2 protein chains.
Amino acid sequence: MAYTIKDVAKRANVSTATVSRILNDLGGYSDKTKVKVLDVIQELEYFPSGIARGLTNNRTHTIGVLVPNLTSSLIAEFLTGIESVAHEVGSSIIVCHTESQGIKTMKYLQLLHEKRIDGLIIASTVLKKEYYDYIVKMDVPLVLLSAYSEFPVPYVMANDYQAAYSATKHLIQNGHSKLGMISGNKEEWIAGNAIPRVEGFKRAISDFNIPIDDRCIEYGRFSIEDGIKSFKQLLNQNHDLTAIFAENDEIGIGVLSAAFELGISVPKDISVIGMDDINLCKFMTPPLSSVSLSHNEMAKKAAKMIFKMIETNSKMESCILSHQLVERQSVRSH
Amino acid sequence: MAYTIKDVAKRANVSTATVSRILNDLGGYSDKTKVKVLDVIQELEYFPSGIARGLTNNRTHTIGVLVPNLTSSLIAEFLTGIESVAHEVGSSIIVCHTESQGIKTMKYLQLLHEKRIDGLIIASTVLKKEYYDYIVKMDVPLVLLSAYSEFPVPYVMANDYQAAYSATKHLIQNGHSKLGMISGNKEEWIAGNAIPRVEGFKRAISDFNIPIDDRCIEYGRFSIEDGIKSFKQLLNQNHDLTAIFAENDEIGIGVLSAAFELGISVPKDISVIGMDDINLCKFMTPPLSSVSLSHNEMAKKAAKMIFKMIETNSKMESCILSHQLVERQSVRSH
DNA sequence: TTGTAGGCGTTATCAT
DNA sequence: ATGATAACGCCTACAA
């Protein structure tokens, strides 16, 4: 085993209390002993045990991050943002991959409970009652990242409704009137952000007096593969579409990919706009127009909130960040 | 605060020792007391503290994972694989983003040391002496994932040399003789996997009696952006290239993107093959040929190794997994 | 300025 | 089958 505070104390001819004070910069010791103790620490390469500290301080300097997948760019950006502020404040993150339908969520919650994490961020996930109840029992600060909930939990979100409205309006103002939308699964809707995106789409359409046809909205899931599938489906039901609003960029990339496969040229034959503005968009063929939701910023915001809550033991206000249309080459006038 | 084992003991009229035994299925108690204790546990919603357990058992059921970035698909696949086996064995992972040049590596190593992690996986990173020395002092099992090292550390790797050879041969057998390669940074070479990939490329070329020109290898970095830059650079120095071997798929995607931008058609004007076979390849325009290195499998293998090492306190053999050419539409006969 | 001792929540050893 | 109690490594009154 590694050295303990006792070893240091003994070696420096002081008590463990003194070593502890020096370690934590608490004052109450002469410079001479400080130097001596610091020397011994260096010599022994002593490093305090976070475990033992955790036991006395009730602080583990660890937060949990629940994500539904690890491979989407969105999540990657979230993790990057959270990690960066966590590292700044000297905390680390336990990444929990809950998988689709959240099959591992409850198990992970228990694990995190046992690990006595300081706080929890849940990203892109529907906060079910079961989860919420358990977290309340855990008595640990929680922030939702890109996820609504019916419970009183602070969140960081984009304004999905307005962002979807902007995307749709962009299509319309480019002369399109035969619009299709590809959205996520209806079943994952509750508290997800699919509803507002669909609503924004519908609202823009009706604001511009375009007749709405329910068949022009296709519900699938969220990956590139799903986008491909949904696009083909949508095409089957609507033969005269000239523009597609994909609820997220992964779906949009799927549309691009399927269009290529089908010999449909983007944007000549059909315009496409995505949402989220993940890094990949600008490297697509053609570069995919999208709506930037500043995910990195959202993630950092959420992380700062959670650490503030941990530090000050206080409630936080939710916040909604702004979005921005990013025009590239996948949309053209009709 | 939450309930402790003492609360349970008191409430059940037994000693903490008995509760502990029941909690850990150690036997040595009657069914009656077991039932009673379990009842109280349920009633109180008691959950043992992993912190306290860690202190006595010297086991935290947590491993650290060091990654150079969070946004590449490669890393995402690594994390997914590691997380899945970690979860199986009831452990969690602390994800450490070391950033380029590993500027945060030493800090993270200290953090992990303090947290008393059970084991460590380092992915896609050059294991510098400084890191190695520190880890030896930490006295914690280590496995390298997709990274060579000059130190005696078990690793899980692909055969980069042969994989690169296969990719290049594929290009040559499609009639190409004006080949270019885009590789990673020379400075990150030591112990990285760039060397073998370059060597494999060179070897294939010479095996097929094609004259080698050093200008046909461009050294950049590893992202899509870098791929774009490097490709343009390469084109500047070589005007008659008909095929490109990109050292990884991100670079390959960059090539595709740059080609589109420059009005160069792939594969009509130029063939491109990448490496790693990340998920995105098949959705590119055109779908990017690549060499599959089964990263998910590698990651799982590495994770299993680390847990075995933790469990049995034993050494492990390194292993090299096989690769496979994946033909898609970015390469055509010349 | 410094030391002593009890406590944090478990586990494990030794009795009973 | 069960209970006391020391130990894990650190912090923090309280005392000196």
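What you see is a predicted model, and the numbers here were worked out from it, not measured in a lab. Convention: sequence-line order gives letters A, B, ...; per-chain numbering from 1.
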Student: State whether the number of non-hydrogen atoms from other residues, nucleotides or ligands found under 6.0 Å of B/Lys104 atom NZ is greater than 12.
Tutor: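 Yes, enclosed.
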Student: Would you list the atom pairs, donor with acceptor, under 3.5 Å between side chains in residues 85-95 of chain B and any protein atom, with sequence neighbours excluded?
Tutor:
unit_1	atom_1	unit_2	atom_2	d
B/Ser92	OG	A/Lys115	NZ	2.5

Student: Check the surroundings of atom OH in B/Tyr3: do more than 12 heavy atoms from other residues, nucleotides or ligands lie under 6.0 Å from it?
Tutor: no
Student: Would you indicate what B/Asn13 reaches in the nucleic acid, counting non-hydrogen atoms under 4.0 angstrom: base, sugar-phosphate, or nothing?
Tutor: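 Answer is sugar-phosphate: B/Asn13 comes under 4.0 Å of backbone atoms only.
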Student: Do A/Ser124 and A/Leu145 have side-chain heavy atoms sitting under 4.5 Å apart?
Tutor: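 They are not in contact (no side-chain heavy atoms under 4.5 Å apart), so the answer is no.
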Student: Which donor-acceptor pairs under 3.5 Å do side chains of residues 43-54 of chain B form with protein atoms, sequence neighbours excluded?
Tutor:
unit_1	atom_1	unit_2	atom_2	d
B/Glu43	OE2	B/Arg11	NH2	2.6
B/Glu45	OE2	A/Lys137	NZ	2.9
B/Ser49	OG	B/Ile51	N	3.2
B/Ser49	OG	B/Ala52	N	3.1
B/Arg53	NH1	A/Glu114	OE2	3.4

Student: Determine whether B/Thr16 and B/Thr18 make a side-chain contact, defined as any pair of heavy atoms from C-beta on separated by less than 4.5 Å.
Tutor: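 A side-chain contact under 4.5 Å is absent here.
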Student: Please find the earliest and latest nucleotides of DNA chain C, in the 5' to 3' direction, that have an atom within less than 4.0 Å of any heavy atom of chain A.
Tutor: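 Extent of the interface on DNA chain C: C/dT1 to C/dG9.
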Student: Report yes if some heavy atom in the side chain of A/Leu120 is under 4.5 Å from a heavy atom in the side chain of A/Ile63; otherwise report no.
Tutor: no
Student: Please map the stems of DNA chain C, keeping only stretches of three or more Watson-Crick or G-U wobble pairs with both distances under 3.5 angstrom.
Tutor: C:1-16 with D:1-16
Student: Of all residues at least two apart in sequence or in a different chain, which pass the side chain to side chain contact (heavy atoms under 4.5 Å, CB included) check with A/Asn58?
Tutor: B/Met1
Student: With the threshold set at 4.0 Å, does a side-chain nitrogen-carboxylate oxygen contact exist between A/Arg59 and A/Glu311?
Tutor: yes
Student: Quick one about B/Asn279 and B/Ser73 (side-chain donor to acceptor, distance below 3.5 Å, no hydrogens or angles considered), yes or no?
Tutor: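 Judged by distance alone, the side chains do not pair up.
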Student: If the sugar-phosphate is the primed atoms plus P, OP1 and OP2 and the base is the rest, what is the B/S/- string for nucleotides 8-16 of chain D, using protein heavy atoms under 4.0 Å?
Tutor: BBBSBB---
